[in-house]
Structures are given as C-alpha cells and as structure tokens.
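Please read these numbers as outputs of a predicted model, since none were measured by experiment. In what follows, every chain begins at residue 1, and chains take the letters A, B, ... in the order their sequences are listed.
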There are 2 protein chains.
Amino acid sequence: MGKGQQTRERLMDIAEASVLTKGFGATSIDEIIAEAEITKSGFFYHFRDKNELARAMLLRYVENEDKVLDEIFDRARELHDDPLHAFLIGLKLFAEMMADLPSGHPGCLVATVCYNERLFDQKIRDLNERAVLAWRERFLTELRAIAEIYPPKDKVNLEALADMVSSTVEGGIVMSKALGQPKILAEQILLFRSYVKLLFLPAVN
Amino acid sequence: MGKGQQTRERLMDIAEASVLTKGFGATSIDEIIAEAEITKSGFFYHFRDKNELARAMLLRYVENEDKVLDEIFDRARELHDDPLHAFLIGLKLFAEMMADLPSGHPGCLVATVCYNERLFDQKIRDLNERAVLAWRERFLTELRAIAEIYPPKDKVNLEALADMVSSTVEGGIVMSKALGQPKILAEQILLFRSYVKLLFLPAVN
DNA sequence: CAAAAACTGTACCGGCGGTGCAGTAAAATG
DNA sequence: CATTTTACTGCACCGCCGGTACAGTTTTTG
C-alpha cells in the first residue's frame, strides 16, 4: 500500500468513526483533517468532495463486511457438512465475534446512509441497496439449501428470513447503542439462531 | 391547543421529517423556519437552541409511540384472554399498521439519536435509554405471563426476547429504507411473530 | 382593555463546506 | 542521477449556518 493509499485509509478511518457517532452532516472536514494532521488541501487531493469520501467509505465498509461474512460462514461450512448445522454454527461464530468487540459494534454505515439519505447522491444510495441485496442473496442461498432438506415448521418467506439476518444485526446495533450494552447485539443474533433452530430442526430438546 | 403550541408542533413536525432523512447535524434551522414560514426569532422564542428542539421532539415521539403500542396491545387483549394469543394478535395488528403506512415508516427517532449520539447532551441520551427500557419492560411483562403458561421450547432470556420486539422494528425500518420497500418492516414483525409461535405454542401445524 | 403570548426585524459573530490555484517536498521511475 | 509523478502545503476567498442580542409589533386571551 503506497503512502497516498495509507493517508486515504486514515482519513476514512477517522471519518467513519465520526459519521457513526455524529452523522454525516455533522462530520466536519476540518475535524477530520485536524485528527489526521493534514491540511484541507491535502484532504481535497484525495477526495473531490464530501460525497466522494462517503462513497469510498461505504464501498470499503461493505467490502470488508462481505469479507468477514465470507470467512465466518466458510469456516462454519468447514466445521459441518449439513447446511442447517453449518448455518447455525456460522450464526454462533458471528455472535461470538460481535460479543468480542471490545467496546461494542461501532455502528453500521448502511444504517447511517438510510438515516441520512437526503445527504447522498443516487450512486451512494444504489451502492447501499446493492450491498443489502447481496446480503439477502448470500443468506437466501444458505436457507434454500436448508429448506430443501428440512421442511420449515411454519410458513415463511425465505427471502424475508434471509433479510432477517441483516435486520437482526441492524436492530441489535441500535439496541446496543441505545442502552450502552454491547452484548445485546450478540444476544439478538443468538435469538435469531434460536428461531432458525425451531423453524428447521426436526426435534429440539 | 393554543396557537403557540400549534406552532411548536409544526416546527417539530418539519424538524422530525428532516432529521429522519438528513440527520440532526444536517438539519438547518433556516430550512425549518423557511418551511414553517416563521422567522428565526420566532423559532428561538419556542426553543432555546437546537438541542432543546431535539429534546422536545424525542419526548413527543416516544410518548406517541407508547400511546400507539398501548392501543394496539390493549386492543389485542380485548380480543383474546390468553396472554400468548393476545400477544400474537397484537403483533399481527402491529404488522398490519406498519404495512398500512402509505409511504412506509418514516424512521425512528430513537435510532437517529443512537447514530448521532455525540450531537446530543446527556439528558437526551438518558431519555432515549429510558424509552427503550420502557419498551423492554412492556414486552417483558407480556412474555413473563406467556412463559408461565407455555414453557418455551428453547432456552431463551426473556429480557432479550422482549428487546427483540424493538430490535425487529429498528432493523426492519433500516431494511425498508435501504431497499426502498416499505413492506419489509411488516414482514420482519411477522417473522418475529412466527418465532414467538414456534417458541411458545404447544402444537403448530 | 390590559396584559401576556407570540411573534418580527435587524445586525452581528465565528465556524464550516467548498473552490481555486500556485508552490513544493517526497517518492517512484527511466 | 535526473525527471516525472505523487502527495501534499499555503493562502485567499465565498456563502451558509447556528447562535446571540435586543428592541419593537401583532395577536390572543382573561
């Protein structure tokens, strides 16, 4: 990674932390450059404007989340051949990872984009939508494989169930932040896992 | 309601819509007063500063949500004596209400406070926390009554399960906004309802 | 009709996002 | 080693915004 890329990453790190705690509109460039110890001109060398910073940040965030999810659920499939059990293992690993974040999940950029939509151009909103749709497809694939083997015990729309993974994480983050209790996110993921168990597992005791 | 109170409400209506789509930091007083057709002096007659507007807005929002939830779950208890069935009916009514919002749920102020925490004083963050804790207590009471009659089929922390109602709504709103599909929120509530059914109902067919 | 409530008008301050552009230090390249 | 490219610095400027201060005016209400 060249020096320029390093600076870019540092600027995005600082901006991300600020955006997640103050929102995009209240995140000032002056504040970012002060913390990064760079001049305003230096900032605008890397990003044409604030929106380009947002776009780059969101892209980086989504790519990173995808990588993390790949690792977790690939690992889970390594640990068990059965799709249902692999999925349940993956959810447990996911919950553990969320519980191990030292000061809780810092927040999801996808959620802040939703709650700041008017501030972003169409490109960013599209990127955001595509990220969520990719999550849906990811989990839908797993759920279809599960439903083929284990008939669900209640009539559910698998697409909505796939969305429930993301929804649980987004909701869990908000709850964790609202109550200042990081562990809530992991709890919510485990409750979703309990639902998957009850829905697909033939005999739970 | 006096004229002053009417203006206050109008200012909060306008501010709320803006805060939910642009964040608090990007919501300008100039923009609010332009839409409300009032002067800046008029604004500051009603609210000492932006933070007082936020406090009043959040308080109003939370009180209103509580009222809506009271109505829905009181009605549900009217329709069925059994706590589990009453809760399931309540969730269905809730989902229907969310599905009937013409352009989807506009967003939750509690979530925006979480994602703008650094912009607000302790008073507001406390108010936010208390609101979420009140939701927890509300649903915990119902769940305890249910669990006394129907032994849960999986080991669950009832407190976390109570939080799952709020979490589902918060997550569902984010998903609805991210994908531009209002119905997702209702779907997610119905999936939570399905979980409650599988968890407590003795024989689901 | 008087008092209180609900504003308007005006002038001002410092900070911020953003632009433009000239200059320069450091790193990569031939 | 020289040159080009990359990665910045410095500076001047604009208009908008949150907020302050305060005097004056209209509207509502008891």
Side-chain angles (χ1 to χ4, degrees), chain A residues 1-58 60 109 112-113 115-121 123-124, chain B residues 1-58 60 112-113 116-121 123-124:
Chain A
M1 188 162 58
K3 200 197 169 197
Q5 192 55 31
Q6 268 181 36
T7 307
R8 252 180 93 94
E9 295 286 330
R10 211 169 77 252
L11 288 170
M12 284 193 273
D13 288 342
I14 295 166
E16 194 174 307
S18 177
V19 166
L20 290 174
T21 52
K22 310 194 342 184
F24 186 69
T27 295
S28 80
I29 294 180
D30 278 6
E31 167 207 337
I32 295 170
I33 64 177
E35 202 176 327
E37 290 177 311
I38 198 179
T39 61
K40 199 181 256 195
S41 312
F43 175 88
F44 283 107
Y45 171 77
H46 289 286
F47 304 102
R48 184 177 298 146
D49 52 29
K50 240 180 134 187
N51 241 291
E52 197 182 298
L53 167 67
R55 190 156 47 242
M57 257 172 52
L58 182 59
R60 187 183 75 151
L109 274 188
T112 71
V113 170
Y115 274 106
N116 289 314
E117 43 166 342
R118 282 274 131 73
L119 301 181
F120 301 113
D121 54 42
K123 251 185 180 171
I124 293 180
Chain B
M1 187 162 59
K3 202 199 169 198
Q5 192 56 31
Q6 267 180 37
T7 306
R8 254 180 91 93
E9 296 285 330
R10 209 168 78 252
L11 289 170
M12 286 193 272
D13 288 343
I14 294 165
E16 193 173 307
S18 177
V19 166
L20 290 173
T21 52
K22 310 197 338 187
F24 186 69
T27 295
S28 79
I29 295 180
D30 278 7
E31 167 206 338
I32 295 170
I33 63 178
E35 201 176 328
E37 290 177 309
I38 199 179
T39 61
K40 199 182 255 195
S41 313
F43 175 88
F44 284 107
Y45 171 78
H46 289 286
F47 304 102
R48 184 176 297 149
D49 51 29
K50 239 181 137 188
N51 242 292
E52 196 181 298
L53 166 67
R55 189 155 47 242
M57 255 172 54
L58 183 59
R60 187 183 73 151
T112 71
V113 169
N116 290 314
E117 43 166 341
R118 283 272 128 74
L119 300 182
F120 302 113
D121 54 40
K123 250 184 179 170
I124 293 178

Which donor-acceptor pairs under 3.5 Å do side chains of residues 35-44 of chain A form with protein atoms, sequence neighbours excluded?
| from | atom 1 | to | atom 2 | distance (Å) |
| --- | --- | --- | --- | --- |
| A/T39 | OG1 | A/G42 | N | 3.2 |

Check: residues 13-24 of chain A side-chain donor-acceptor pairs under 3.5 Å, at least two apart:
| from | atom 1 | to | atom 2 | distance (Å) |
| --- | --- | --- | --- | --- |
| A/D13 | OD1 | A/R60 | NH1 | 2.9 |
| A/D13 | OD1 | A/R60 | NH2 | 2.9 |
| A/E16 | OE1 | A/R60 | NH2 | 3.2 |
| A/S18 | OG | A/T27 | OG1 | 2.9 |
| A/S18 | OG | A/E31 | OE2 | 3.0 |
| A/T21 | OG1 | A/A17 | O | 3.0 |
| A/T21 | OG1 | A/S18 | O | 3.3 |
| A/K22 | NZ | A/E31 | OE1 | 3.0 |

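The CZ-P distance, from B/F47 to C/dC7, rounds to 11 Å in whole Å. Here D/dC11 presents its C1' atom at 13 Å from CD1 of A/I33, a figure rounded to the nearest Å. Residue A/D49 contributes atom CG, which lies 15 Å from atom C1' of C/dG20 at whole-angstrom precision. In this structure, B/I32 places its CD1 atom 18 Å from P of D/dC16, rounding to the nearest Å. Taking atom CZ on B/R10 and atom C1' on C/dC7, their separation rounds to 12 Å, with Å as the unit. In this structure, CD of B/Q6 is placed 9 Å from P of D/dT29, rounded to the nearest angstrom. Rounding to whole angstrom units, CZ of residue B/F44 and P of C/dC12 are separated by 18 Å. B/E52 has its CD atom 11 Å from the P atom of D/dG19, to the nearest Å.
Formation of a donor-acceptor pair under 3.5 Å by the A/D49 side chain with backbone atoms of A/E52 is found in this model.
For the residue pair A/G25 and B/A26, the shortest heavy atom distance occurs at CA-CB, 3.8 Å. The two residues B/R8 and B/A56 come nearest to each other via the heavy atoms NH2-CB, 3.7 Å.
Residues A/L119 and A/V113 have side chains not in contact (no heavy-atom distance under 4.5 Å, counting atoms from C-beta outward). A heavy-atom distance below 4.5 Å is found between the side chains of A/F47 and A/M12.
Between D/dA7 and A/H46, no contact under 4.0 Å exists linking OP1 or OP2 to a side-chain N or O. Side-chain N/O atoms of A/Y45 include one lying less than 4.0 angstrom from OP1 or OP2 on D/dA7.
Contact check of residues 17-30 of chain B against DNA chain D (heavy atom, cut-off under 4.0 Å) returns B/T27, B/S28, B/I29, B/D30. Looking at residues 35-43 of chain A, you'll see A/I38, A/T39, A/S41, A/G42 sit with a heavy atom under 4.0 Å from some atom of DNA chain D.
For B/D121, the side-chain hydrogen bond (donor to acceptor under 3.5 Å, both in side chains) criterion is met by B/R55, not counting sequence neighbours.
Within the helix from C/dC1-D/dG30 to C/dG30-D/dC1, the inter-axis angle between the opening and closing five-pair segments is 30°, rounded to 10°.
Note that CZ of A/R10 is 12.0 Å distant from CD1 of A/I32, once rounded to the nearest 0.5 Å.
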